[in-house]
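Structure, as structure tokens:
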There are 2 protein chains.
Amino acid sequence: MADVLRLLTRAQKLVSTASDDAMRPHGVRIGQNLILEVLWDEDELTPGELARRLHLAPPTIVKTTTRMEAAGLLERIPDPLDGRLVRLRLTAHGRACQTPIQEARRLLAERATADLTAEERAVLEVALQKIIDAMSEQQ
Amino acid sequence: MADVLRLLTRAQKLVSTASDDAMRPHGVRIGQNLILEVLWDEDELTPGELARRLHLAPPTIVKTTTRMEAAGLLERIPDPLDGRLVRLRLTAHGRACQTPIQEARRLLAERATADLTAEERAVLEVALQKIIDAMSEQQ
DNA sequence: ACCATTTCATTAGCAGGCTATCGATTGGGG
DNA sequence: CCCCAATCGATAGCCTGCTAATGAAATGGT
């Protein structure tokens, strides 16, 4: 009996590597496109809010957004009402790469799941969600 | 329509985190148990051979095994026939933790897939394998 | 027998994750 | 009003992964 968790790990790693390869030509690295996708939908979020939405630790967001700031994708704006908060605002460049990056991501998803039947795709979705639920329970 | 790749990423991350938590009490970190499992099956492999079997880059193996050597899990032995090669040999300690670690891993796999029906499990396996195959094709 | 190519392990340097800690600001209770 | 707790971003330090470059050893062709 094959180890489902190993297949899961291997599949995710291959997808992740391919995703990085797909994003690179657009000057964006693998975790960065996730941050961009959230900000494209809602700009000027704080690092903490981004961390919650992406299920990442705040320092991960801070480090990555610092690099993204250096790359000219976004800028840090102090919140006028709360001195503790920082707003991450997309630059024109950060907004400009939305279309090509989303298209690259769409192509990747298409390629990855091209050989799956509709039923397999549906069951895969359900099964992954069940795993996520099981692992999200405390303990 | 939900993004299957996001579910895949999220499921893998949760499993990976839980795996790390499960391994930690045994003094082993997340990537290290994979190396151990290969060596339990066949000892005294070289870093390059391990890298091929685990689909990792050689420097990753070198760095991790260096830490494992410091932790007393294995030792480096020069190959008597080929001066370029290094053999990674498990210590008594590295062999001793096999049972508890495999048990922890088994429990984790059980917990992760507990809510899946037999059919869902089977389809999940097939679907993940198809994704792996699709992403393994060059380009 | 020599020299160039290949094949290894290793090192250096980077990105993406994490936890623990620090410092500053906000907010609430006395 | 003031101080203490909560909240937030940033920093330090760790592990895992990668590519590129280094250096040593083996191999093969001439």
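Each chain gets a letter, A, B and so on, in the order the sequences are listed, and its residues count up from 1. Small disclaimer: the values here were computed from a predicted structure and weren't measured.
Checking the phosphate oxygens (OP1, OP2) of D:dC18, a side-chain nitrogen or oxygen of B:Thr60 falls inside 4.0 Å. Contact annotation: A:Arg84 side-chain N/O to D:dA10 OP1/OP2 distance is not under 4.0 Å. Residue A:Arg67 places no side-chain N or O under 4.0 Å from the OP1 or OP2 atom of C:dC14.
From B:Arg76, atom CZ reaches atom CG of B:Leu74 across 7.5 Å, with rounding to the nearest 0.5 Å. Atoms CG and CG, from B:Leu45 and B:Asp43 in turn, are 7.5 Å apart once rounded to the nearest 0.5 Å. Between the CE atom in A:Met68 and the OG1 atom in A:Thr91 there is a gap of 9.0 Å [rounded to 0.5 Å].
Using a 4.0 Å heavy-atom criterion, one finds that B:Val62 contacts the bases of the nucleic acid, with or without backbone contacts as well. Among the protein residues, B:Arg76 comes within range of the sugar-phosphate backbone only, with heavy atoms under 4.0 Å from sugar or phosphate atoms but none that close to a base.
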Could you walk me through whether B:Thr9 and A:Gln12 pass the side-chain hydrogen bond (donor to acceptor under 3.5 Å, both in side chains) test, one step at a time?
CA-CA 6 Å; B:Thr9 300; A:Gln12 162 57 17; 3.0 Å; yes
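The side chain of B:Pro59 has C:dT11 as its nearest neighbour among C:dT11, D:dA12, D:dG9. Considering only side-chain atoms of B:Lys13, the nucleotide from D:dG9, C:dG17, D:dG17 that sits closest is C:dG17. Among the nucleotides C:dT25, D:dG9, C:dC18, the one closest to any side-chain atom of A:Ala57 is C:dC18.
In this structure, the side chains of B:Ile131 and A:Val15 come closer than 4.5 Å at one or more pairs of heavy atoms.
Between B:Ile61 atom CD1 and D:dT19 atom C1' there is a gap of 16 Å when expressed in whole angstrom units. For the pair B:Asp82 CG and D:dA24 C1', the computed distance is 11 Å after rounding to whole Å. Across the protein-nucleic acid pair, A:Gln12 atom CD and D:dT16 atom P stand 18 Å apart, rounded to whole Å. As a whole-Å value, the separation of A:Asp79 CG from D:dT7 C1' is 13 Å.
Counting only distance, with no hydrogens or angles, the side chain of A:Arg29 and the backbone of A:Asp20 share no donor-acceptor pair below 3.5 Å.
Annotation: of the two residues near DNA chain C, A:Lys63 and A:Leu81, the 5′-most nearest-nucleotide partner is A:Lys63.
Interface residues of residues 17-56 of chain B facing DNA chain D, ordered by number: B:Arg29, B:Ile30, B:Gly31, B:Gln32, B:His55, B:Leu56; criterion, heavy-atom separation under 4.0 Å.
Residue B:Trp40 is tested with B:Ile35, B:Thr99, B:Leu90, B:Asn33 for a side-chain contact (heavy atoms from CB on, under 4.5 Å); the sole match is B:Leu90.
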